[in-house]
Amino acid sequence: RAKENGRNDYQIYTSDFEHKALHKLTLHHEMMNALQNGEFLLYYQPQYDLATGRIVGLEALVRWKHPVRGLVPPGEFIPAAEESGIIVPLGEWVLQEACRQNKEWQDAGMPPIPVSVNLSVRQFTQRNLIGKIAGALERSGLEPRYLKLEITESMTMDVERALSFLQELKELGVGISIDDFGTGYSSFHYLRNFPIGSLKIDRSFVRDIGDNPNNAAIVAAIIAMAHNLQLQVIAEGVETLEQVRFLQQHGCDEMQGYYGSPPLPCAGVASLMEAVRNRAALDINAASSS
Ligand code: C2E
Ligand code: MG
Ligand code: MG
Ligand code: MG
């Protein structure tokens, strides 16, 4: 009986392993085709100024419009795209498309705001990344100050590479944010010495500001530290007014999250921006509501 069970376990394990390997290969193939067939698209999530409630930026977030599976979120294909290397051409497409779209919005009369693009580790280690970024700006005609790149803490570990990359970006005039701040390798060294513009507090800290005093302390400390280092701070994953109030009280500059808006397809961005033209998009004035 026990032996039988063991054998069954082994068989399950084997077939699961084979299944995974096959799945990876299929996914790799599918993603290559998807890129050629134009199945990827970008959603954009608004970022709000916490003092005025105005929309001051947009983060580009990739989606896969799969012919069978429907709209696939990045969590389900970015890790595989990283592993297989497809993230490099995919990331270049994202960069180009975000610049093109932002320029198109500006040309259509939308008030100009920066678009943020996520960079993957794999892209970061490409030698000609700066050239690719400069190329995307040039082809789209977007001014460099309307592009921001989001990198993660892990990319700052190769200090020399990161420093020269960031300096070149700064010379180009492109903004830099550290994404998911607090979840990775954080070094006060890079915070002090790297030419970065802002920190994005990871949503795991923001989530339970209300009932976890440790997370509240961490968020308050990140905001204070960032400001002392002349960095902007943006909180991600903001879902409640309670979180908004806490962030305002601690002087956080901006927020992004479902409380403001989920990521939107580009038509949704255009109509939202039109609807809130010349006024606050969110009523978060501390005096006006509870
Ligand atoms: P991220 O850069 O930290 O992006 C924020 C993620 O949080 C987005 O998920 C967004 O939809 C989600 N989010 C926003 N507000 C809230 C909220 O209030 N509550 C909760 N629970 N979630 C919220 P999404 O779009 O699924 O993206 C997940 C991750 O995939 C991104 O995390 C980013 O690391 C990666 N990613 C997305 N697009 C790209 C891309 O073009 N290139 C690369 N390299 N990575 C990307
Ligand atoms: Mg991001
Ligand atoms: Mg983030
Ligand atoms: Mg995140």
Side-chain angles (χ1 to χ4, degrees), residues 31 34-35 39-48 55 57-65 70-102 114-126 129 132-133 136 147-155 175-184 196-210 219 222 232-244 246-247 254-266 268-269 282:
M31 283 191 291
L35 200 52
E39 291 173 19
F40 290 103
L41 74 163
L42 297 182
Y43 272 41
Y44 296 87
Q45 188 173 35
Q47 300 171 328
Y48 300 80
I55 295 173
L58 297 164
E59 178 176 8
L61 295 157
V62 71
R63 302 287 181 264
W64 179 1
K65 197 171 179 188
L71 208 61
V72 187
E76 286 173 36
F77 62 86
I78 291 280
E82 281 267 355
E83 205 177 326
S84 72
I86 284 195
I87 192 71
V88 173
L90 175 59
E92 281 165 25
W93 177 82
V94 170
L95 186 63
Q96 181 65 49
E97 175 58 17
C99 291
R100 190 204 60 74
Q101 181 64 70
N102 200 18
V115 67
S116 292
V117 171
N118 293 282
L119 279 190
S120 83
V121 185
R122 226 12 204 265
Q123 281 175 284
F124 193 71
T125 53
Q126 295 271 301
L129 180 57
K132 297 271 171 59
I133 295 163
L147 174 66
K148 279 188 188 176
L149 297 174
E150 296 193 0
I151 66 170
T152 55
E153 290 161 302
S154 61
M155 300 181 200
I176 280 279
S177 309
I178 306 287
D179 202 359
D180 304 332
F181 185 77
T183 60
I196 51 181
S198 54
L199 301 182
K200 294 187 78 173
I201 307 175
D202 190 67
R203 76 164 184 263
S204 60
F205 299 114
V206 175
R207 191 169 45 213
D208 39 22
I209 277 176
V219 170
I222 293 175
Q232 292 246 104
V233 205
I234 167 158
E236 61 178 31
V238 177
E239 296 182 353
T240 68
L241 183 61
E242 184 194 20
Q243 291 163 346
V244 169
F246 180 94
L247 294 163
E254 294 173 18
M255 69 110 183
Q256 183 180 341
Y258 297 162
Y259 186 80
S261 167
L264 302 168
C266 53
V269 175
L282 263 191

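In each ligand, atom 1 is the first atom listed, and ligand 1 is the first ligand listed.
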**Asked** Quick one: does Lys200 get within less than 4.0 Å of ligand 1, heavy atoms only?
**Response** no
**Asked** Mind checking whether Gly91 has a heavy atom under 4.0 Å from ligand 1?
**Response** no
Counting only heavy atoms, which portion of [X] has something under 4.0 Å from ligand 1: side chain, backbone, both, or neither?
X	result
Val94	side chain
Gln256	neither
Pro263	side chain

Do you know the tightest heavy-atom contact between [X] and [Y]?
X	Y	result
Ser116	Glu150	CB-OE2, 3.5 Å
Leu42	Val62	CD2-CA, 3.7 Å
Val121	Glu82	N-OE2, 3.6 Å
Gln101	Cys266	OE1-SG, 3.7 Å

**Prompt:** For ligand 1, is there an N or O atom under 3.5 Å from any N or O atom of Tyr259?
**Reply:** no
**Request:** Could you check if a side-chain atom of Asp180 sits within less than 4.5 angstrom of a side-chain atom of Glu153, using non-hydrogen atoms only?
**Result:** no
**Request:** State, with a plain yes or no, whether a side-chain heavy atom of Tyr43 is found less than 4.5 Å away from one of Leu71.
**Result:** yes
Which atoms of ligand 1 are found less than 4.0 Å from any heavy atom of [X]?
X	result
Asp180	3 (O)
Gln45	14 (C), 15 (N)
Ser120	44 (N)
Glu239	17 (C), 18 (O), 19 (N), 20 (C), 21 (N)
Gly257	15 (N), 18 (O)

**Request:** Restricting to N/O/S, name the atom of Glu236 that gets closest to the Mg ion (ligand 3).
**Result:** OE1
**Prompt:** In Asp180, what N, O or S atom is nearest to the Mg ion (ligand 3), if we give its atom name?
**Reply:** OD1
**Asked** For Glu150, what is the atom name of its N, O or S atom nearest to the Mg ion (ligand 2)?
**Response** OE1
**Asked** Passes side-chain contact (heavy atoms from CB on, under 4.5 Å), Leu119 versus Leu95? Steps please.
**Response** CA-CA 9 Å; Leu119 279 190; Leu95 186 63; 5.6 Å; no
**Message:** Check this for me: does any side-chain nitrogen of one of Lys200 and Glu59 sit under 4.0 Å from a carboxylate oxygen of the other?
**Reply:** yes
**Message:** Tell me whether Lys65 is salt-bridged to Glu39, with the criterion being a basic N under 4.0 Å from an acidic carboxylate O.
**Reply:** no
**Asked** Strictly by modelled atom types, are Glu236 and Gln256 linked by a side-chain donor-acceptor pair under 3.5 Å?
**Response** no
**Asked** Any idea how Trp64 and Phe77 line up, ring-wise: parallel (<30°), tilted (30 to 60°), or perpendicular (>60°)?
**Response** perpendicular
Which of these, [options], has its nearest heavy atom closest to [atom]?
atom	options	result
atom 25 (O) of ligand 1	Met255, Gln123, Arg63	Arg63
atom 1 (P) of ligand 1	Val62, Thr152, Asp179	Asp179
atom 45 (N) of ligand 1	Leu42, Asn118, Leu61, Val206	Asn118

**Angle, OE2 of Glu59 through the Mg ion (ligand 2) to OD2 of Asp179 - 10° precision** = 170°
**Message:** Any N/O/S atom, side chain or main chain, of Asn118 closer to the Mg ion (ligand 2) than 2.8 Å?
**Reply:** yes
**Asked** Would you say the side-chain atoms of Asp208 pair up with the backbone N or O of Gly210, donor to acceptor, closer than 3.5 Å?
**Response** no
